[in-house]
Structure formats: C-alpha cells, structure tokens
There are 2 protein chains.
Amino acid sequence: MSSLSTHPEFSPRQNAVLDSALRLLVDGGERALTTAGVARAANCSKESLYKWFGDRDGILSAMIGYQASKVRTLEERAETLTGDSLRAHLVVFARDLLDVLSGDVSLALNRLAIGQASRDGAQLGQMLQERGRRQIGKRAGGLLDAGRRAGLLRFDNGEEAYGTLYGLIVTDLHLRMLLGEDVKLTQQDFSRRAERAVDAFLDLYGTKRQMAKP
Amino acid sequence: MSSLSTHPEFSPRQNAVLDSALRLLVDGGERALTTAGVARAANCSKESLYKWFGDRDGILSAMIGYQASKVRTLEERAETLTGDSLRAHLVVFARDLLDVLSGDVSLALNRLAIGQASRDGAQLGQMLQERGRRQIGKRAGGLLDAGRRAGLLRFDNGEEAYGTLYGLIVTDLHLRMLLGEDVKLTQQDFSRRAERAVDAFLDLYGTKRQMAKP
DNA sequence: CCAAGATAGTACCGTACGGTACGGTTCTTT
DNA sequence: AAAGAACCGTACCGTACGGTACTATCTTGG
C-alpha cells in the first residue's frame with residue numbers, strides 16, 4: 001500500500017534509494033532485491049526503508065512509480081503533416097518504443113510485476129500498465145489522430161489502430177526478451193524492424209497507396 | 001539439471017506428480033510451488049521428489065517438458081487451398097494461438113520462466129521458447145507456405161511473414177494477461193480479434209485484393 | 001513366506017529473508 | 001547550545017523453505 005495517487009512522490013534521498021534498488025534489481029533479478037540488500041546498497045538502514053515505504057511491496061511500488069516518473073514521454077507537436085513526415089514520425093515512435101521495451105530497467109520491472117501477478121492481484125502489473133503503456137499509447141494516439149485529421153490515415157477505432165501498430169512493431173519480441181533472449185542481438189535489427197512495421201501499418205491504414213516494395 | 005533431451009520423459013506416477021505441481025502453480029503462483037507443497041499435493045515424499053527430479057529446478061524443467069508434451073500441435077493437412085479456405089485456416093490458427101496463450105497453465109509457466117530469466121541464464125525461457133513457439137510456429141509456417149504455393153500469398157521471408165501474423169493476432173494481449181489482466185474479459189473478443197488480424201494479414205500478404213470493410 | 005527395493009510420512013537442519021528494536025551519530029530547530 | 005528528530009548500522013526474532021535422514025509401509029520377485 002503506497003500513496004502513488006497524486007504527486008507526493010518522494011524526497012531526493014528516497015529517490016536515490018530507489019535508484020539503488022533499481023540497479024540491484026537490474027543486476028541480480030528479484031532474488032537480489034532483499035530489504036537488507038537495498039539498505040546496504042543505498043547506505044541506509046532497514047528501519048528507514050520500512051518507515052518510508054511501509055513494507056517490501058511498498059518498495060516495489062515506489063520503484064515502479066519512480067521509474068515511470070523518470071521516463072517522461074516527450075509530447076511532440078506534429079502539425080503540418082505530410083505523408084513523408086507522418087511516416088518519419090511513426091518510425092521514430094516505433095524506434096522509441098522498441099528502445100523503451102528493450103531497456104534493462106523496463107525488462108527488470110516487467111519481470112518483477114509478472115512474477116507477482118498471481119500474488120497480489122496484479123497490483124504492480126496494473127501500475128506498469130497504467131504508467132507505462134497508457135503514456136506511450138497516448139503519444140501514439142495523438143500521432144494517429146493527427147494523421148487522420150490530415151487525411152493521411154483512415155480508421156474508426158483509434159485504440160484498434162494503435163493495437164495494430166503496436167503488434168506490427170513489437171510482435172513477440174518483448175516476450176522473447178522477457179524470457180531471457182539476448183537483447184543486444186535483437187537491438188541491431190530495430191531500425192529495420194521499425195521501418196517495416198510502419199510501412200505495413202501505412203499499407204493497412206494509409207489513404208494514399210504506398211509504393212510496393214521491389 | 002534434468003534429462004529432457006531425447007524421450008526418456010517420466011513414469012506415469014511421476015507425470016501425475018507433475019500434474020499436481022502444475023495445478024499448484026496455476027492456483028497459487030510460484031510462491032505456492034514449494035517442495036513440501038508439491039509432495040503434499042501429490043501424496044509423495046520429498047525424498048522421492050529429489051530422487052526423481054534432482055532439485056527444485058529439475059522439477060520446474062520437468063513441468064515445462066511435461067506440459068509441452070501434452071499440448072501437441074495438431075498438424076493439419078491443408079491441400080487444395082482456395083482463398084476462402086486459406087482464410088478459414090488462418091482464422092482457426094489465430095483462435096488456437098489465442099486460446100493457447102490465454103490458457104492458465106501456459107500463463108503460469110510463462111510467468112515462472114520470466115521470473116527465473118535473470119537467474120539461471122534463461123534455461124526455462126529457452127525451453128518454453130523451443131517447445132512452445134517453435135512448435136506452433138511450424139504449424140503456421142506450413143500453412144503460409146501452402147498458401148504461397150497455391151499462389152494466394154506473396155512473401156520472401158517466411159519467418160517475417162509469420163512474425164507479422166503473430167503481431168497482428170496477439171498485439172500486446174499476451175503481456176497484458178501475463179501482467180494479470182482479467183483473462184475472461186479478453187477471451188470474449190477472441191473470435192473477432194482473430195478475424196480482424198487475418199483480414200489485415202491478407203491485406204498485407206494476399207495476392208488477391210481483399211474486399212474492403214464496409 | 002521372505003528378502004530387497006521403492007516409497008510415504010515425518011522429523012530435522014541450515015540458511016535466508018521480512019520485519020522490529022536499539023544504541024550511537026548527525027542534522028534541524030529554537 | 002540544548003533539545004529533539006531523523007537516520008545509520010547492527011543485532012535480533014520468527015518463519016518459511018530447500019534439502020537430507022530415518023522409519024514404517026507397501027510392492028515385487030524368488
């Protein structure tokens with residue numbers, strides 16, 4: 001039970017502790033994330049940990065909230081869209097999405113939340129969903145809406161269109177990385193993957209006929 | 001360290017034990033999967049567990065191998081393909097894929113493997129990948145190849161085409177379910193989702209022009 | 001019927017971890 | 001400067017779990 005509702009957040013000192021905890025989680029997985037370990041890594045006492053975050057679950061929640069607050073999705077202004085600029089914006093979005101999903105902190109937190117999903121009624125999973133996907137989904141939604149207003153895209157259901165775009169970009173890559181597949185290997189392919197996905201998406205939802213691949 | 005290579009598998013009694021263990025895992029998550037718990041649920045002694053499976057990790061590996069051996073992907077013969085029958089086959093495949101991914105045992109095992117991914121060098125994750133996705137991917141590959149031979153599909157890279165199909169079908173649904181989102185809710189949408197995904201796929205890779213949605 | 005192996009049930013051991021308590025030190029406030 | 005709060009470091013407690021040992025029971029083959 002942590003207060004993650006409005007914007008109380010935490011003090012700089014507490015954020016530093018959360019940073020250490022994230023580092024610990026990334027390096028050693030959940031098994032390494034013991035209260036004693038966090039205290040040692042952050043040079044703080046266990047007593048302070050329990051005072052600040054309540055219990056271990058409170059630390060986990062705080063870690064997710066803190067990380068989400070760090071990864072602010074930059075809201076880009078996309079006016080005067082042309083077919084080419086829309087495609088370029090979409091490709092950038094796709095690359096950013098892939099970069100976020102393949103980040104070690106993101107992967108570690110997703111693993112953590114998935115591991116706890118059957119325990120705590122998916123509290124952490126809901127947080128990740130809310131703070132992570134909703135955020136980046138909003139950015140994509142804005143982009144898609146702008147494309148539609150410019151007459152470049154055609155769709156009725158924005159959520160569905162975004163889902164399609166997401167699926168084309170990510171496919172089963174996220175799951176494979178979560179299962180432990182070497183991330184470095186897959187990262188080399190990101191640019192090509194982003195472009196192919198966007199091309200396919202424009203094939204499906206674009207109003208202008210895309211040029212066929214040779 | 002378990003011997004999962006060829007086909008030694010396990011005795012009926014041991015399979016029954018693995019069944020109990022899977023039940024336990026599905027009901028209570030990994031925390032509930034203690035050696036004492038498995039022994040109690042299966043009415044066997046801990047000593048037998050360690051004799052048969054070596055250690056706790058051996059039990060986990062055996063569970064994955066056992067479950068994979070149960071879910072045999074039926075290899076369907078798809079000859080004399082027409083445009084309609086190809087679409088029908090693809091829709092069936094999509095539904096089957098969604099059903100498999102949303103199965104409680106599948107979700108529990110994926111959660112388990114993901115939770116261990118940072119620990120054991122992704123042993124379990126590799127097993128799941130190998131036994132799970134490769135299997136169902138082969139079925140899809142056969143279907144796609146048949147479609148291409150019949151002149152109904154056009155693609156150079158079968159893996160890529162399958163990846164696109166997978167992404168269109170699943171999008172981020174698998175991850176959401178792994179994070180704890182209510183599965184029953186999403187299951188209602190499976191038929192529609194399967195059809196939409198296949199339609200989009202045929203839009204991208206089909207040779208005949210699909211009819212536009214009204 | 002008996003010996004030998006396998007297994008269930010239980011008791012036991014060591015360790016690791018979540019959570020609490022406490023003494024000593026530093027920082028803040030008045 | 002004194003008083004008080006915050007905090008670090010450590011010690012401590014209870015429990016839970018992985019793994020082992022032992023005994024009683026059951027099965028099986030001669």
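So you know, we letter chains A, B, ... as the sequences are listed, proteins then strands, and number each from 1.
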Give the table of side-chain donor-acceptor pairs shorter than 3.5 Å for residues 180-191 of chain A, with sequence neighbours excluded, one pair per line with atom names and distance.
from: Glu181(A); atom 1: OE1; to: Arg176(A); atom 2: NE; distance (Å): 3.1
from: Glu181(A); atom 1: OE2; to: Arg176(A); atom 2: NE; distance (Å): 2.9
from: Glu181(A); atom 1: OE2; to: Arg176(A); atom 2: NH2; distance (Å): 3.3
from: Asp182(A); atom 1: OD1; to: Lys184(A); atom 2: N; distance (Å): 3.1
from: Thr186(A); atom 1: OG1; to: Val183(A); atom 2: O; distance (Å): 2.8
from: Gln187(A); atom 1: NE2; to: Ser102(A); atom 2: OG; distance (Å): 3.4
from: Ser191(A); atom 1: OG; to: Arg95(A); atom 2: NH1; distance (Å): 2.7

Identify all side-chain donor-acceptor contacts of residues 20-33 of chain A below 3.5 Å with residues at least two apart in sequence or on another chain.
from: Ser20(A); atom 1: OG; to: Ala16(A); atom 2: O; distance (Å): 3.3
from: Glu30(A); atom 1: OE2; to: Gln116(A); atom 2: NE2; distance (Å): 2.8

Just to confirm, is there a sub-4.0 Å distance from OP1 or OP2 of dA8(C) to any side-chain nitrogen or oxygen of Arg13(B)?
yes
Rounded to whole Å, CZ of Arg119(B) lies from P of dA16(C) at a distance of 13 Å
From CZ of Arg40(A) across to P of dG18(C) the rounded distance in Å is 11 Å
N/O donor-acceptor pairs under 3.5 Å from side chains in residues 155-162 of chain A, not counting sequence neighbours:
from: Asn157(A); atom 1: OD1; to: Glu159(A); atom 2: N; distance (Å): 3.0
from: Asn157(A); atom 1: OD1; to: Glu160(A); atom 2: N; distance (Å): 3.2
from: Glu160(A); atom 1: OE1; to: Arg196(B); atom 2: NE; distance (Å): 3.1
from: Glu160(A); atom 1: OE1; to: Arg196(B); atom 2: NH1; distance (Å): 3.2
from: Glu160(A); atom 1: OE1; to: Arg196(B); atom 2: NH2; distance (Å): 3.0
from: Glu160(A); atom 1: OE2; to: Arg192(B); atom 2: NH1; distance (Å): 3.3
from: Glu160(A); atom 1: OE2; to: Arg192(B); atom 2: NH2; distance (Å): 2.9

Whole-Å distance, Leu49(B) CG to dT7(C) P, equals 11 Å
In whole angstroms, the gap separating P of dG18(C) from CG of Asp120(A) amounts to 15 Å
Within the sub-3.5 Å range, which N or O atoms of nucleotides 19-22 of chain C have a protein N or O partner, and how far apart are they?
from: dG19(C); atom 1: OP2; to: Tyr50(A); atom 2: OH; distance (Å): 3.2
from: dG19(C); atom 1: OP2; to: Arg56(A); atom 2: N; distance (Å): 3.0
from: dG19(C); atom 1: N7; to: Lys46(A); atom 2: NZ; distance (Å): 2.7
from: dG19(C); atom 1: O6; to: Lys46(A); atom 2: NZ; distance (Å): 2.5
from: dC22(C); atom 1: N4; to: Glu47(A); atom 2: OE1; distance (Å): 2.1
from: dC22(C); atom 1: N4; to: Glu47(A); atom 2: OE2; distance (Å): 3.3

The salt bridge (Lys or Arg N to Asp or Glu O under 4.0 Å) partners of Lys70(A) (sequence neighbours excluded) come to Asp19(A)
When rounded to whole Å, the CZ to P distance for the pair Phe53(A) and dG18(C) reads 15 Å
- request: Might you confirm whether atom CZ of Arg13(A) has over 12 heavy atoms from other residues, nucleotides or ligands at distances under 6.0 Å?
  value: yes
Applying salt bridge (Lys or Arg N to Asp or Glu O under 4.0 Å) to Arg133(B) and not counting sequence neighbours gives Asp172(A)
From CG of Asn43(B) across to P of dT10(C) the rounded distance in Å is 11 Å
With Arg87(A) as partner, the option from Val92(A), Leu152(A), Val198(A) fulfilling side-chain contact (heavy atoms from CB on, under 4.5 Å) is Val198(A)
*Ser48(B) side chain near dA8(C) phosphate (N/O to OP1/OP2, under 4.0 Å)*: yes
Rounded to whole Å, the CD-P distance (Glu30(A) to dA16(C)) equals 17 Å
Taken to the nearest whole Å, CG/Leu60(B) to C1'/dG18(D) is 12 Å
Kindly say if Trp52(B) contacts the phosphate of dT7(C), meaning a side-chain N or O under 4.0 Å from OP1 or OP2.
yes
